[in-house]
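Taking it in order: structure first as structure tokens, then the write-up.
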2 protein chains.
Amino acid sequence: MMAEALSGSLEDYLEAIFFIEQQKQAARAKDIAQRLQVNHSSVTGALRTLSQKGLINYSPYDLITLTTKGRNVAKDIARRHEVLRHFLEDVLDVPPELAEETACKMEHVVRGEVLERFVKFIEFIEVSSRAGAGWVQCFHKYYSREWDEEECKKCLAGEKGVKKSCQEGSTGDHG
Amino acid sequence: MMAEALSGSLEDYLEAIFFIEQQKQAARAKDIAQRLQVNHSSVTGALRTLSQKGLINYSPYDLITLTTKGRNVAKDIARRHEVLRHFLEDVLDVPPELAEETACKMEHVVRGEVLERFVKFIEFIEVSSRAGAGWVQCFHKYYSREWDEEECKKCLAGEKGVKKSCQEGSTGDHG
DNA sequence: CTAAAATTTTAGGCAAACCTAAATATTGGA
DNA sequence: TCCAATATTTAGGTTTGCCTAAAATTTTAG
């Protein structure tokens, strides 16, 4: 009963349709081709396959919409993408464009149990930060070489005087 | 001069040869096929390609060794693999086999700048832990639902009394 | 040394994804 | 309405990476 896994490529098509559907009523081949930077004729083939798998409503020259099943699968893909992008960009402080690009590839290989670990990990970091450690900011300082081990050990251990220096100027000017 | 990127598949072959070379003097097609779970005839094709690219010493029926260039590339792949495996297994606490399997796929999409962020991030976590927070252990508690937000906020903020409870029984019995 | 066993390569195929070029269908404006 | 512009599909081809089966080579054991 469990549908067999989609290829990375088909996941990309489905995800693209999902986002285009959110902006317009329905997707058209042109939009998909543009978004994925592939030839129009490549789209046709992918649409046929997705249609066969019951993930989209499609017939030649027709508008393209997701089926209920397709929308669920697409949502899952989009969630993976978003979780990974968020981790890369806001925890590892990878520059936005690179984070986006990397998440795009990771989303096809990180699933299920591993993805949920990422989710919990991000949650945890956010709670930790709320707890007062300014933890992520400290990391951003760390790799950007503004790190003073003694000072930050204290910071991480919760001493008030130094904590501030780890929390200000956070978003990482890594140049 | 910069060699064009290898496909994920070819990276797998190169990495396999690297590990087999460490165990024996040289690799043979049989070993590679077994390690990668592919047919012998698939190996032949990959060897030809890697040879053409100057990454391995190879001629039909001969033993297989890495060239200097090939060894450098292979080391880089192996490093990516190891960094990611380490992160998944020891930070996210993903079960070893799944961590291994996932790292195997991630290694082909996480490179350069992003990989170095992972490296720094792991370093940072280790320093943080040394600083006394038992940070990773706290995370393992967190997702395994033994988490008490109030208690652990204090823990992360460095209060001595509660810190201990976050640090004991660490390695995550997440069942 | 030689025949059987093991190993490796070749030959031929298949499927996924992509491409270009050439139809075909749809749509909007005169 | 009908033509031109736009959009889409079909036809045919390439590359990558895998497979099976058969041939070729090397190794090993008697």
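Order of the sequence lines sets the chain letters (A, B, ...), proteins ahead of strands, with each chain counted from 1.
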Given the rule in the ring pair (Phe, Tyr, Trp, His ring centres under 6.0 Å) test, do A/Phe87 and B/Phe87 qualify, once you have shown the distances and angles that lead to the verdict?
CA-CA 13 Å; A/Phe87 173 76; B/Phe87 173 76; 5.8 Å; yes
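- Looking at residues two or more places apart in sequence or on another chain, you find no salt bridge (Lys or Arg N to Asp or Glu O under 4.0 Å) involving B/Lys53.
- Within 6.0 Å of the CD atom in A/Gln22, the count of heavy atoms belonging to other residues, nucleotides or ligands exceeds 12.
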Distances under 3.5 Å only, N/O to N/O: pair up the protein atoms with those of nucleotides 20-22 of chain D.
| from | atom 1 | to | atom 2 | distance (Å) |
| --- | --- | --- | --- | --- |
| D/dT20 | OP2 | B/Asn39 | ND2 | 3.0 |
| D/dT20 | O4 | B/Ser41 | OG | 2.7 |

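- No side-chain donor-acceptor contact under 3.5 Å links A/Glu11 to the backbone of A/Ile77.
- Taking only side-chain atoms of A/Thr44, from C-beta outward, the nucleotide of D/dG17, C/dT9, D/dT10 with the closest atom is D/dT10.
- Ion pairing between A/Arg85 and A/Glu82 holds under the 4.0 Å rule for side-chain N and carboxylate O.
- For the salt bridge (charged side-chain N to carboxylate O under 4.0 Å, His left out) criterion with B/Glu21, the lone passing option out of B/Arg71, B/Arg35, B/Lys75 is B/Arg71.
- Of the possible donor and acceptor atoms, one in the side chain of A/Thr67 sits under 3.5 Å from a partner among the backbone N and O of A/Leu55.
- The side-chain contact (heavy atoms from CB on, under 4.5 Å) search around A/Leu63 returns A/Ala26, A/Arg28, not counting sequence neighbours.
- For the pair A/Thr102 (side chain) and A/Leu98 (backbone), a donor-acceptor distance under 3.5 Å is present.
- Not one side-chain nitrogen or oxygen of B/Arg48 sits closer than 4.0 Å to the OP1 or OP2 atom of C/dT9.
- The pair B/Lys120-B/Glu113 does not count as a salt bridge, with every side-chain nitrogen at least 4.0 angstrom from each carboxylate oxygen.
- Residues from residues 54-66 of chain A placing a heavy atom under 4.0 Å of any atom in DNA chain D, listed by number, are A/Tyr58, A/Pro60, A/Tyr61.
- When all heavy atoms are compared, the tightest approach of B/Arg80 to B/Val110 is CD-O, 3.4 Å.
- The stretch residues 12-38 of chain B touches DNA chain C through B/Arg28, B/Ala29, B/Lys30, each having a heavy atom under 4.0 angstrom from the strand.
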Using a cutoff of under 3.5 Å, can you pull out all pairs of nitrogen or oxygen atoms linking the protein to nucleotides 14-16 of chain C, with atom names and distances?
none

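- When side chains are defined from C-beta on, B/Leu66 counts as touching B/Leu14, because their heavy atoms get closer than 4.5 Å.
- In the displayed structure, A/Gln34 atom CD is contacted under 6.0 Å by at most 12 heavy atoms of other residues, nucleotides or ligands.
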